[in-house]
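The structure displayed is predicted, hence computed values, not measured ones. Residue numbers begin at 1 in each chain, while the letters A, B, ... track the order of the sequences. Scope of the values below: all heavy atoms of this structure, side chains included, with no hydrogens, waters or symmetry mates.
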There are 2 protein chains.
Amino acid sequence: MSPGHSELPADMPAPDAGGCLATREILDRIGDKWSLYIVAVLANGSRRFNELKRGIDGISQRMLTLTLRGLERDGLVTRTMYPTIPPRVDYELTDMGRTLLKPVMALVNWANENQVAIAEAHKRFDEAPEPDQVLVQGVVYQRR
Amino acid sequence: MSPGHSELPADMPAPDAGGCLATREILDRIGDKWSLYIVAVLANGSRRFNELKRGIDGISQRMLTLTLRGLERDGLVTRTMYPTIPPRVDYELTDMGRTLLKPVMALVNWANENQVAIAEAHKRFDEAPEPDQVLVQGVVYQRR
DNA sequence: CCGAATCCTTGTGGATACTG
DNA sequence: CAGTATCCACAAGGATTCGG
């Protein structure tokens with residue numbers, strides 16, 4: 001059908017290979033519960049701590065702090081602190097943080113485009129405990 | 001439907017919005033520990049269970065089974081069972097599964113391109129516990 | 001060969017209370 | 001306002017054993 005050419009998927013040979021570790025790290029970050037929401041909000045410009053908190057429904061103070069620290073550590077977000085009273089801290093995407101937006105949005109768009117297909121696949125899978133049948137050299141076998 | 005221009009980060013307003021749920025699902029899948037390795041191996045063509053197990057370093061039988069079930073349920077992978085003796089089961093990417101490769105590879109490439117920058121950011125962050133100083137309207141404040 | 005079932009350890013994240 | 005600190009619940013995942 002389709003193997004032949006297309007893009008080489010020869011990346012990620014094993015969990016301990018070269019660029020694989022970096023991939024795992026960024027995947028863990030974008031795969032975690034809050035990072036992408038934060039990045040999405042910050043994509044619109046710099047925000048204060050409580051602006052983020054209000055803008056991201058359901059996030060706790062703790063997780064907002066932790067996730068922001070992680071993003072800052074990765075160099076995706078800058079933290080600017082103003083020791084005024086009351087204190088004020090601004091968070092902003094770095095240039096690198098902004099470049100992450102493109103590949104991430106490609107994935108988000110994929111998810112949107114395929115969400116019906118996925119939902120249908122779920123339905124099919126969940127409603128088919130029985131019809132697990134199989135075809136071997138032209139002969140149909142039924143599972144027992 | 002989907003936003004025409006991909007640069008707009010106006011997606012993902014809140015964890016409970018429309019296409020957001022689908023996004024979260026697929027993100028959880030690609031963010032989990034093994035799915036992408038499996039997809040990467042299957043990108044080269046159909047594989048048997050133990051071929052996958054041998055090809056993915058460190059995966060347990062349990063997690064291979066569970067992750068394959070998840071991918072199958074999402075409609076990303078097909079499972080073909082041959083009730084021979086010994087039994088044989090082949091796994092293969094679906095067409096939808098193959099379309100996922102492109103956006104995922106974009107992300108993998110981003111990770112590879114930025115891995116040094118991220119490592120440097122880590123170094124900077126981890127080695128700077130003290131110099132926490134701040135600039136307010138042209139004036140530098142030192143933390144105490 | 002392919003997997004289900006069980007046990008157990010660990011990490012992630014929520015709730016709450018407290019500080020400067 | 002912008003965090004820490006603590007406690008706790010739950011789910012992910014590893015190891016092992018059993019079964020068709």
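Atom pair L66(A):CG and dG11(C):C1' shows a separation of 13 Å (rounding to whole Å applied). Here dA4(C) presents its P atom at 11 Å from CG of L64(B), a figure rounded to the nearest Å. In this entry the distance linking CG of D28(A) with P of dG13(D) reads 10 Å, nearest Å. Atom pair M63(B):CE and dA11(D):P shows a separation of 15 Å (rounding to whole Å applied). One interatomic measurement links the two molecules: CH2 of W34(A) to P of dT12(C), which rounds to 16 Å at whole-angstrom precision. Between the CD atom of Q61(A) and the P atom of dT12(C) there is a distance of 21 Å, rounded to whole Å. As a whole-Å value, the separation of I85(A) CD1 from dT19(C) C1' is 13 Å. Separating the CZ atom of R47(A) from the C1' atom of dA2(D) is a distance of 18 Å, rounded to the nearest angstrom.
The existence of a salt bridge linking R47(A) and D90(A) is excluded, since no basic side-chain nitrogen approaches an acidic carboxylate oxygen closer than 4.0 Å. Comment: R29(A) does not engage E25(A) in a salt bridge, judged by the lack of any side-chain N to carboxylate O separation of less than 4.0 angstrom.
Picking from dC1(D), dG3(D), dG3(C) the nucleotide with the shortest atom distance to the side chain of V89(B) gives dG3(C).
An OP1 or OP2 oxygen of dA2(D) is reached within less than 4.0 angstrom by no side-chain nitrogen or oxygen of R69(A). Distances shown here put a side-chain N or O of K33(A) below 4.0 Å from the OP1 or OP2 atom of dG14(C). Distances shorter than 4.0 Å separate some side-chain N or O of R48(A) from OP1 or OP2 on dA2(D). For dG3(D), the OP1/OP2 oxygens have a side-chain nitrogen or oxygen of Y91(A) closer than 4.0 Å.
Between S60(B) and F49(A), the residue whose closest nucleotide on DNA chain D is further toward the 5' end is F49(A). Between R54(B) and R62(B), it is R54(B) whose nearest contact on DNA chain C lies nearer the 5' terminus.
At distances below 3.5 Å, at least one donor-acceptor pair connects side-chain atoms of D32(B) with backbone N or O atoms of W34(B).
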**Asked** Given the rule in the side-chain contact (heavy atoms from CB on, under 4.5 Å) test, do V104(A) and V108(A) qualify, once you have shown the distances and angles that lead to the verdict?
**Response** CA-CA 6 Å; V104(A) 161; V108(A) 170; 4.2 Å; yes
**Request:** Start with the C-alpha distance between R79(B) and F49(B), add both sets of side-chain angles, then the distance that settles side-chain contact (heavy atoms from CB on, under 4.5 Å), and finish with yes or no.
**Result:** CA-CA 10 Å; R79(B) 174 176 186 266; F49(B) 185 85; over 6 Å; no
